Amino acid sequence: MRIDVVSIFPTIFDALEVSLLGKARQSGLLDVRVHDLRDYTHDRHRTVDDTPYGGGAGMVMKPEPWGLALDDIAGGVDPRPVIVFPSPAGERFTQATARELSQAPHLVFGCGRYEGIDERVFDYASELGEVRLISLGDYVLNGGEVAVMAMIEAIGRLVPGVVGNPESLVEESHEDGLLEYPSFTKPAVWREREVPPVLLSGNHGAVASWRREQQIERTRERRPDLLAD
Ligand code: JCE
């Protein structure tokens, strides 16, 4: 999978080199390239922002650098990329979104800052690829970078071969619409706290039913919204 990221803080993405995704990058499974939006400016100050028409607090990202960056990175490429802009006003990012996006051969992420990006950029981008405005959650970040890091991690680990054991992908939280069951490892007693005896019983059927009950109980307590439908 090819992933391009456009940001005014490209070094934030240096952290992708560590652990799981770093290995996937070395092996070529994930080809992630980060671009500095300021490289697409032409003025001495490498300006990417300006005051909003109609007034209001803060600054807005100018469309011109975005147009040049998108032409360079997403223009005329085959297949057409999916172009993702994180936004608090976007559709919610879920495990289903991660699954969908993990099927795309080429993703382009545009990271906004300030109060956001000139709206015309999204319309222009839709001439180059499929545009998705996506929100990580119902809270406001200072920019798109942290949201894109989270999305790349969630999407990247679903690309075949990136995570060693494919079974660990289907068993975990949200793939079956329930929270995960609790996990324990040795020692069997730690600081007077015992591992649930059923897990030491060797009775695989009993273990499976206990884990399913735990999943349902925790989901009811912590995330009743997941059980509603
Ligand atoms: C962003 C900002 C709107 C004021 C670009 C925030 C996504 N789930 C999310 N929470 N926050 C974001 C996000 C994504 C991109 C940008 N801002 C800050 N946005 C109103 C300030 C700018």
Side-chain angles (χ1 to χ4, degrees), residues 1-7 9-10 12-37 40 61 66-112 116-117 119-137 141 143-170 172-177:
M1 172 186 277
R2 167 71 181 261
I3 298 177
D4 288 281
V5 180
V6 183
S7 166
F9 297 120
I12 288 179
F13 297 92
D14 290 354
L16 286 175
E17 288 301 333
V18 296
S19 87
L20 200 76
L21 291 186
K23 282 183 200 131
R25 291 181 76 169
Q26 280 162 17
S27 74
L29 277 171
L30 293 180
D31 179 10
V32 184
R33 302 192 196 177
V34 184
H35 311 263
D36 188 341
L37 181 68
Y40 296 94
M61 290 190 116
W66 279 109
L68 294 172
L70 290 168
D71 286 343
D72 185 35
I73 295 157
V77 298
D78 182 44
R80 284 156 60 94
V82 177
I83 306 173
V84 176
F85 293 98
S87 164
E91 53 168 318
R92 277 292 296 275
F93 184 77
T94 66
Q95 191 65 21
T97 321
R99 275 248 168 260
E100 263 177 56
L101 294 178
S102 73
Q103 303 297 308
H106 187 187
L107 298 175
V108 177
F109 289 97
C111 302
I117 304 172
E119 189 73 18
R120 293 168 292 182
V121 170
F122 309 127
D123 180 63
Y124 181 71
S126 70
E127 294 183 10
L128 307 179
E130 179 199 342
V131 171
R132 307 271 301 259
L133 269 66
I134 300 184
S135 170
L136 207 60
L141 303 167
E145 284 79 5
V146 167
V148 166
M149 289 281 286
M151 289 190 245
I152 290 176
E153 193 156 305
I155 294 162
R157 62 197 295 287
L158 298 177
V159 171
V162 172
V163 167
N165 178 8
E167 272 180 35
S168 68
L169 290 177
V170 290
E172 66 203 16
S173 265
H174 299 294
E175 285 291 349
D176 59 4

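Just so it is clear, the model here is predicted, and its values are computed rather than measured.
Nearest heavy atom pair, residue V77 against residue P81, reads CG2-CD, 3.5 Å. The two residues Y124 and G67 make their nearest non-hydrogen contact at CE2-O, 4.3 Å. For the pair S135 and G90, the tightest heavy-atom approach, listed with the atom from each and the gap, is CB-O, 3.7 Å. Here the shortest heavy-atom pairing between V32 and R25 reads O-NH2, 2.8 Å. In terms of heavy atoms, G75 sits closest to L128 at CA-CD2, 4.1 Å. When all heavy atoms of A74 and I83 are compared, the closest pair comes out as CB-CD1, 4.1 Å.
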### Task
Begin from the C-alpha positions of I117 and F85 and carry the test side-chain contact (heavy atoms from CB on, under 4.5 Å) through to its verdict.
CA-CA 9 Å; I117 304 172; F85 293 98; 3.9 Å; yes
### Query
Would Y40 and I73 satisfy side-chain contact (heavy atoms from CB on, under 4.5 Å), going step by step from the backbone distance to the final call?
CA-CA 11 Å; Y40 296 94; I73 295 157; 3.9 Å; yes
### Task
I would like to know whether L101 and L107 meet side-chain contact (heavy atoms from CB on, under 4.5 Å); could you show each step before the answer?
CA-CA 8 Å; L101 294 178; L107 298 175; 4.2 Å; yes
### Query
V84 and M151: side-chain contact (heavy atoms from CB on, under 4.5 Å), yes or no, with the steps?
CA-CA 10 Å; V84 176; M151 289 190 245; 4.2 Å; yes
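Between D4 and R2, at least one side-chain nitrogen of the basic residue sits less than 4.0 Å from a carboxylate oxygen of the acidic one, meeting the salt-bridge criterion.
Under the 4.5 Å side-chain criterion, counting only non-hydrogen atoms from C-beta, S102 is in contact with I155. When side chains are defined from C-beta on, L158 counts as touching Q95, because their heavy atoms get closer than 4.5 Å. Looking only at side-chain heavy atoms (C-beta outward), L70 and V121 come within less than 4.5 Å of each other. Between F13 and V148, the closest side-chain pair of non-hydrogen atoms falls below 4.5 Å.
The line from CH2 of W66 to CG of D71 is 13.0 Å long, rounded to the nearest 0.5 Å. Between the CE atom of M1 and the CG atom of L29 there is a distance of 10.5 Å, given to the nearest 0.5 Å. The line from SG of C111 to CG of L37 is 10.0 Å long, rounded to the nearest 0.5 Å. Put simply, CE on M149 and OG on S7 are 10.5 Å apart, with the number rounded to the nearest 0.5 Å. Atom CZ of F122 is separated from atom CZ of R132 by 14.5 Å, given to the nearest 0.5 angstrom. Atom-to-atom distance recorded for S87:OG and L136:CG is 11.5 Å, nearest 0.5 angstrom.
Between the side chain of R80 and the backbone N or O of H106, no donor-acceptor pair lies under 3.5 Å. R33 places no side-chain N or O within donor-acceptor distance of the main-chain N or O of I3, the cut-off being under 3.5 Å.
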